[in-house]
Amino acid sequence: VKPILNRCNDKANCCQKALYSVTVWLPAVYVVSWAIGGLLCFLYSVTAPDGSSGPLFYTGQTWLGIIIRASYSFFGVREKTCECNSNE
C-alpha cells in the first residue's frame, strides 16, 4: 500500500488521483459487500423454513467456510502439531 500512497501526491493530475482512489477503495467495497452478501445468504437460509436444502444454503455454507479460512490466514492461525513419541 505504501507505494500506492507515495504515488498520490500534490503533483498528480486528475486522472492519476482518480486511479488512486479507485485502486484504494474498490477492493474495500468488494470485500465489505462480499461479507455482507454472504452473511445475508447464510442467515436467510438458516431462518427460512425450506431454506436448508436450497442453493442459498449451500452458498451461505460455502461463504462461511471461506470467511473462516480467510480469517485464519489473515491472523496467522495455524494448526498445532503434536510431536509425540510412539515409544512412550
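Please read these numbers as outputs of a predicted model, since none were measured by experiment. Along the sequence shown, the residues carry numbers beginning at 1.
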Tell me the closest heavy-atom pair linking Trp34 and Ile66, and the distance in Å.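 Of all heavy-atom pairs spanning Trp34 and Ile66, the closest is CZ2-CG2, 3.7 Å.
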Hey, could you give me the [atom1]/[atom2] distance between [X] and [Y], rounded to the nearest 0.5 Å?
X	Y	atom1	atom2	answer
Leu43	Thr47	CG	OG1	7.0 Å
Phe42	Tyr58	CZ	OH	13.0 Å
Ile68	Tyr72	CD1	OH	6.5 Å

When clusters are formed from ILVMFWY side-chain contacts under 4.5 Å, directly or step by step, what else is grouped with Leu26?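 Members alongside Leu26: Val22.
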Do Val24 and Tyr30 sit in one hydrophobic cluster, given that two such residues count as connected whenever their side-chain heavy atoms are within less than 4.5 Å of each other, even indirectly?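 No, Val24 does not connect to Tyr30 through the hydrophobic network.
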Is there a chain of hydrophobic side chains (I, L, V, M, F, W, Y, each step under 4.5 Å between heavy atoms) that links Ile67 to Val31?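 Looking at the clustering, Val31 is in a separate group from Ile67.
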